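For reference, the structure is listed below as structure tokens.
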Amino acid sequence: MIRDQSSGVVIAFDFGFRRIGIASGNLHTQTASPLKTLSVRDKFPWKRLDTTIDDWHPQQLVVGLPSSDLAREVTRRAEEFIVALRDRYGIPVASVDESFTSRAAHSELKAARQSGILKTRVRKDQIDSHAACLIAEQWMSG
């Protein structure tokens with residue numbers, strides 16, 4: 001499959017054992033938006049990931065990697081995910097330190113809820129996709 005290398009679109013992933021948060025980033029505006037959160041069971045949700053890649057035609061993929069020694073197993077699985085993404089889609093895949101992105105995402109969403117911007121309570125899937133936004137923004141600003 002031939003991809004448009006100038007789409008200006010980045011797809012970022014907040015990888016976890018139970019869920020993968022996904023966000024799109026725009027290289028031209030340097031902004032990111034949450035897309036969705038996918039459930040992870042025994043294997044990566046490739047059909048839903050395929051749909052996301054086909055819909056957005058990204059020129060870059062970014063995966064958040066935890067840097068903590070306590071998260072070694074998550075890091076190992078995230079690295080497997082990076083290799084699988086690169087092999088499956090033939091799109092460059094970068095990684096960034098995602099330490100504290102979920103906490104930061106939760107804090108930002110909680111503040112939005114308290115101010116009335118967010119009308120519903122903060123859900124875990126919202127935190128994951130918002131954390132993916134922070135991962136995209138971190139990569140674009142780096």
Side-chain angles (χ1 to χ4, degrees), residues 1 3-68 70-142:
M1 177 181 299
R3 301 215 177 262
D4 178 6
Q5 293 299 309
S6 62
S7 68
V9 175
V10 172
I11 297 293
F13 302 93
D14 178 40
F15 180 84
F17 287 134
R18 294 184 182 158
R19 292 176 304 278
I20 298 174
I22 304 175
S24 66
N26 183 314
L27 290 171
H28 305 294
T29 63
Q30 298 287 294
T31 58
S33 301
L35 291 178
K36 60 181 125 187
T37 299
L38 303 179
S39 293
V40 176
R41 302 233 184 330
D42 298 333
K43 57 185 179 175
F44 301 132
W46 288 118
K47 286 183 181 182
R48 296 192 65 199
L49 290 166
D50 291 345
T51 300
T52 301
I53 299 302
D54 288 342
D55 288 349
W56 286 89
H57 304 285
Q59 72 181 58
Q60 178 72 47
L61 305 177
V62 181
V63 178
L65 286 177
S67 64
S68 165
L70 301 174
R72 272 184 266 191
E73 185 60 21
V74 175
T75 300
R76 186 186 67 74
R77 289 278 292 155
E79 288 171 342
E80 288 175 8
F81 183 60
I82 289 169
V83 170
L85 286 170
R86 191 176 291 125
D87 291 347
R88 187 174 187 100
Y89 301 117
I91 300 170
V93 183
S95 63
V96 297
D97 177 7
E98 64 89 46
S99 300
F100 308 113
T101 57
S102 291
R103 285 187 199 162
H106 184 260
S107 293
E108 289 178 14
L109 290 169
K110 187 176 174 184
R113 171 74 170 129
Q114 290 172 340
S115 71
I117 294 170
L118 182 62
K119 303 297 183 198
T120 60
R121 69 179 183 84
V122 177
R123 298 182 326 267
K124 289 181 181 181
D125 64 321
Q126 288 175 304
I127 294 169
D128 295 328
S129 59
H130 194 74
C133 284
L134 298 176
I135 290 166
E137 290 168 353
Q138 180 181 344
W139 182 82
M140 289 187 291
S141 69

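Since this is a predicted model, take the numbers as computed values, not measurements.
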**Request:** First locate atom CD1 of I127, then atom CZ of R19, and finally report the distance between them rounded to the nearest 0.5 Å.
**Result:** 8.0 Å

**Asked** In Å, rounded to the nearest 0.5 Å, how long is the span from CG of D14 to CD1 of I22?
**Response** 10.5 Å

**Request:** Calculate, to the nearest 0.5 Å, the distance between atoms CG and CD1 belonging to L85 and I11 respectively.
**Result:** 11.0 Å

**Prompt:** Is K36 close to T52 at the side-chain level, that is, under 4.5 Å between some pair of heavy atoms?
**Reply:** yes

**Request:** Kindly give the heavy-atom pair with the smallest separation between G16 and V40, and that separation in Å.
**Result:** O-CG2, 4.0 Å

**Message:** Has S7 got a side-chain atom pairing as donor or acceptor with H57's backbone, closer than 3.5 angstrom?
**Reply:** yes

**Option passing salt bridge (Lys or Arg N to Asp or Glu O under 4.0 Å) with R77 (candidates E80, E73, E79)** = E80

**Request:** Give, for atom CZ of F81 and atom CD1 of I20, the distance between the pair rounded to the nearest 0.5 Å.
**Result:** 4.0 Å

**Request:** Would you indicate whether R76, at its atom CZ, is surrounded by more than 12 heavy atoms from other residues, nucleotides or ligands within a distance under 6.0 Å?
**Result:** yes

**Item:** Heavy-atom pair of closest approach, residues C133 and P34
**Value:** SG-N, 3.1 Å

**Asked** At their closest point, which heavy atom of Q59 faces which heavy atom of P92, and how far apart are they?
**Response** O-CD, 3.5 Å

**Message:** Can you give me the closest heavy-atom contact between I135 and A12, atom names plus distance?
**Reply:** CG2-CB, 4.1 Å

**Message:** Taking the side chain as everything from C-beta on, heavy atoms only, tell me whether V62 gets closer than 4.5 Å to S95.
**Reply:** no

**Complete:** Rounding to 0.5 Å, atoms CG (L61) and CZ (F13) come to a distance of 5.0 Å

**Message:** Measuring only between side-chain heavy atoms, which start at C-beta, is R18 closer than 4.5 Å to R41?
**Reply:** no

**Asked** Measuring from L38:CG to S129:OG, what's the distance to the nearest 0.5 Å?
**Response** 10.0 Å

**Message:** With a 3.5 Å distance limit and no angle check, can you tell me whether Q60 reaches the backbone of V10 through a side-chain donor-acceptor pair?
**Reply:** no

**Item:** Side-chain heavy atoms of L27 within contact of W139, under 4.5 Å
**Value:** yes

**Asked** So do the side chains of F15 and L65 get within less than 4.5 Å of each other, counting heavy atoms only?
**Response** no

**Message:** Side chains of N26 and M140, heavy atoms from C-beta outward: is any pair under 4.5 Å?
**Reply:** no

